[in-house]
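Since the model is a prediction, treat every value here as computed from it, not as a measurement.
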Amino acid sequence: MTLETSTVVASVASFPCDKTIAASAPQGRPCAARAEPWILATTIIASSMAFIDGTVVNVAVPALQRSLGATLADVQWIVEAYELMLAALLLLGGAAGDLFGRRRVFAIGIVVFALASITCGLADRVDVLIIARAVQGIGGALLVPGSLALLSASFDKDRRGRAIGTWSGFTAITTALGPVIGGFLIDHGSWRYAFFLNVPLALAAIILTFRYIPESRSRPRSERIDWLGAALAAIALGAIVYALIGAQTAGWTDLKVLGALAIGLVALPSFVMVESRQSAPMLPLTLFRSRDFTGANVLTLLLYAALGGSLFFLPLNLIQVQGYSTLAAGAALLPFVLLMFVLSRWAGGLVERYGAKLPLVIGPAIAALGFGMFALSGIDMSYWTSFFPAVVVLGFGMTLTVAPLTTTVMQSVSQNDVGAASGVNNAVSTVAGLLAIAALGLVMSHTFNDALHRQLSDANIPPSIVQTVEAQRFKLAAIDLPPTDPETRVSVRHGVAAAFVSGFRRVMLIAALLAAGAALSAWIAIGAIRGSRN
C-alpha cells in the first residue's frame with residue numbers, strides 16, 4: 001500500500017470504520033480497504049511516539065545528570081526501566097491484541113504511555129522518574145506490537161511488505177525529528193519537555209484509532225493470558241540487568257550482585273520451561289520451528305544489541321566530550337534516519353526481488369563497518385570528518401536491514417500468529433538493547449576508571465584533586481571539576497575526556513563485532529523469504 005498523494009488521504013478523511021473484521025480476511029471488506037491510509041498513518045504516529053521517546057531520552061541524559069545529579073547507574077536505570085518493562089511485556093502485548101482485540105489493546109497502550117510521559121515530565125527525583133519510565137514501558141509493550149499486527153491484519157499479503165516498508169520509512173523520519181525538537185527544547189527550556197512531546201502525538205493517535213481502525217482478533221476469548229510467563233520474564237531480565245549495573249560499583253563479589261545474577265539465571269530457563277507447557281503461551285515456542293523466524297531473531301538480537309548499546313553512549317560523547325549542544329547532538333543522527341526514510345521502501349522491495357538473505361547479510365556487514373568507524377573518533381573531532389561518515393555508513397547498513405528483516409519475521413509465520421511474531425521480534429530487539437546498555441556500561445565503566453587513573457597520574461595532578469575527581473568516576477564525563485588553577489583544570493578536563501573516549505572506542509569495537517555476527521547469522525539461517533508467504 002502506497003500513499004501516493006495527499007488527495008488519496010483526503011478522499012477517505014470522512015469515512016469512519018468501526019466494524020470488527022476477521023483477521024483471516026481483512027482485505028475482503030470494503031471498509032478496511034478504504035481505511036487503509038488511515039490505518040497506516042495511525043500506526044506510524046503511535047509507533048513514532050514510542051521510538052521518539054527512546055532517542056529523545058538518550059540526548060536528554062546529560063541534562064538529567066546536571067539537573068538531578070544522576071550517576072551512570074541512575075541514567076542507565078532511567079533508560080533501562082522503560083526497556084525492561086517493554087521487553088518483558090511485549091510478548092504479552094502481542095498475545096493480548098490477538099486475544100482481546102488489536103485495536104482495543106493498541107488504544108490502551110497509547111493512553112498508558114501518554115499518562116506516564118506526563119508523569120516523567122513532572123518528576124523531581126530520580127526514583128520517581130525511573131518508576132514513571134517503567135510505566136511508559138508497559139504502555140509501549142501494548143502499542144508497539146499492535147502497530148505491525150494491525151498492518152498485517154489490514155493489508156493483503158501482496159501489499160503487506162510495501163506497507164511495512166512505508167511504516168518503517170515514516171517511523172524513521174518522525175523518530176529523527178524527536179531528538180532535534182527535543183534537543184532544541186532542552187537547550188532553551190528543560191529536559192522535561194522531551195517527555196511532553198509525546199502528548200500531542202498520543203492525542204492524534206487515539207482519535208484516529210477509534211475513528212478509522214477496525215477491530216480484529218485471531219484467538220478465542222476462552223484463552224488465558226500467560227501472567228506467569230510475563231512475571232518470570234520480568235524477573236529474569238530485571239535480575240540480570242541489576243547484576244550488570246550493580247557490578248559497576250560493587251563488583252562481582254558483592255552478595256546482592258551475585259544473588260541477582262543467580263535469580264536471573266534460574267528464572268530464565270524457568271520461563272522457557274513454563275512456556276513449553278502452557279496451552280496459550282506468551283512466547284509460542286512453536287514459532288521457532290521456522291528456520292527463517294529463528295534466524296531473523298538471532299540477527300535482531302546481535303544487531304540491536306550493537307545499536308542500542310552504542311547509541312546510549314554516543315550522545316554522551318557528543319555533548320560532554322565534544323562540546324555539542326543538545327540540539328546538535330540530536331541532529332547528529334539525522335543522516336542515519338533520513339537514509340532510512342528515503343530508502344526504506346526500496347529496501348522493503350528487495351525482499352520481493354532477491355529474497356531476504358542477500359540484504360540481511362550485506363546490511364549488518366555494512367553496519368559493522370560503521371560501528372568500526374566510530375571507534376576511530378578522538379577528542380575535539382570535526383563532525384564532518386569523524387562522526388558524519390560513520391553515521392552515513394551505519395545508516396545505510398541499517399536501511400538495508402530493517403524493512404527486509406521486519407518483512408521476514410511477519411512472513412515466516414501463519415496469519416493467526418502475526419501478533420505473537422511481532423511481539424517476539426520487538427521483544428528480542430528490546431532485550432538486546434536492554435542487556436547491551438547494562439553490559440557495555442560495565443565495559444565503559446571499567447575502561448573509563450582505568451584510563452582516568454592513568455591519565456591523571458601521567459599529568460601529575462595533585463593527589464587531593466585526583467581523589468576528588470576519582471570519587472565521581474561513576475558520573476563518567478559528567479564529573480564536576482574541583483576548584484583549582486586554570487592549568488590543572490585543563491589537564492583534568494582533558495584526562496576525563498580522554499578516559500571517556502577510551503571507553504567509547506572499546507564499546508564501538510564490541511558493537512562492530514556484534515553486527516558482524518548478525519551478518520554471519522543471516523548467512524547461515526535466513527532462507528528465500530520474499531514478499532508473499534512461501
Quick one, [X] and [Y] - any side-chain contact, counting heavy atoms below 4.5 Å?
X: Leu350; Y: Leu400; answer: yes
X: Phe106; Y: Ile110; answer: yes
X: His446; Y: Leu442; answer: yes
X: Val492; Y: Thr484; answer: no
X: Thr43; Y: Trp167; answer: yes
X: Ile78; Y: Val61; answer: no

*Only counting residues at least two apart or in another chain, list the ones meeting salt bridge (charged side-chain N to carboxylate O under 4.0 Å, His left out) with Asp124.*
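With sequence neighbours excluded, Asp124 shows a salt bridge (charged side-chain N to carboxylate O under 4.0 Å, His left out) to no residue whatsoever.
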*salt bridge (charged side-chain N to carboxylate O under 4.0 Å, His left out) pairs, two or more places apart, involving residues 46-72*: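 Salt bridge (charged side-chain N to carboxylate O under 4.0 Å, His left out) check on residues 46-72 returns Asp53-Arg133.
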*His494: what forms a ring pair (Phe, Tyr, Trp, His ring centres under 6.0 Å) with it, not counting sequence neighbours?*
none
Shortest non-hydrogen contact between [X] and [Y], atoms and distance:
X: Ala477; Y: Phe500; value: CB-CD1, 3.9 Å
X: Ala239; Y: Gly264; value: CB-N, 3.6 Å
X: Gly330; Y: Val180; value: O-CG2, 3.9 Å
X: Val507; Y: Gly309; value: CG1-O, 4.4 Å
X: Ala81; Y: Ile130; value: CB-O, 3.4 Å
X: Gly295; Y: Ile526; value: C-CD1, 3.6 Å

Rounded to the nearest 0.5 Å, what's the gap from [atom1] on [X] to [atom2] on [Y]? Could you check?
X: Trp523; Y: Ile362; atom1: CH2; atom2: CD1; value: 9.5 Å
X: Leu514; Y: Leu509; atom1: CG; atom2: CG; value: 11.0 Å
X: Leu122; Y: Leu129; atom1: CG; atom2: CG; value: 11.0 Å
X: Ile366; Y: Thr401; atom1: CD1; atom2: OG1; value: 8.0 Å

*How are the rings of Phe504 and Phe374 set relative to one another: parallel (under 30°), tilted (30 to 60°) or perpendicular (over 60°)?*
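Answer is perpendicular, since the angle exceeds 60°.
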_Flag, side chain of Ser445 to backbone of Gly441, donor-acceptor distance under 3.5 Å_ = no
*So, Ser67 side chain and Ala63 main chain: donor-acceptor pair closer than 3.5 Å or not?*
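No, Ser67 side chain to Ala63 backbone: no donor-acceptor pair under 3.5 Å.
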Taking side-chain hydrogen bond (donor to acceptor under 3.5 Å, both in side chains) as the definition, give me every residue that meets it alongside [X], ordered by chain and number, with sequence neighbours left out.
X: Thr71; answer: Asp74
X: Asn449; answer: none
X: Asp485; answer: Thr488
X: Thr300; answer: Asn425

Mind jotting down which residue pairs meet the side chain to side chain donor-acceptor pair (under 3.5 Å) criterion with at least one end in [range]? Sequence neighbours excluded, please.
range: residues 499-509; answer: Thr447-Arg506
range: residues 303-327; answer: Gln65-Gln320, Asp187-Thr326, Asn317-Gln322
range: residues 466-482; answer: His453-Glu470, Lys475-Asp480
range: residues 113-122; answer: Ser117-Gln136, Ser117-Asn198

*Carboxylate-amine/guanidinium contact Asp127 Arg125, below 4.0 Å*: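 Salt bridge: yes.
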*Does Phe474 CZ have over 12 foreign heavy atoms under 6.0 Å away?*
yes
Can you give each donor-acceptor pair under 3.5 Å made by side-chain atoms of residues 378-389, sequence neighbours left out, with the distance rounded to 0.1 Å?
residue	atom	partner	partner atom	Å
Ser382	OG	Trp384	N	3.3
Tyr383	OH	Ala332	O	2.6

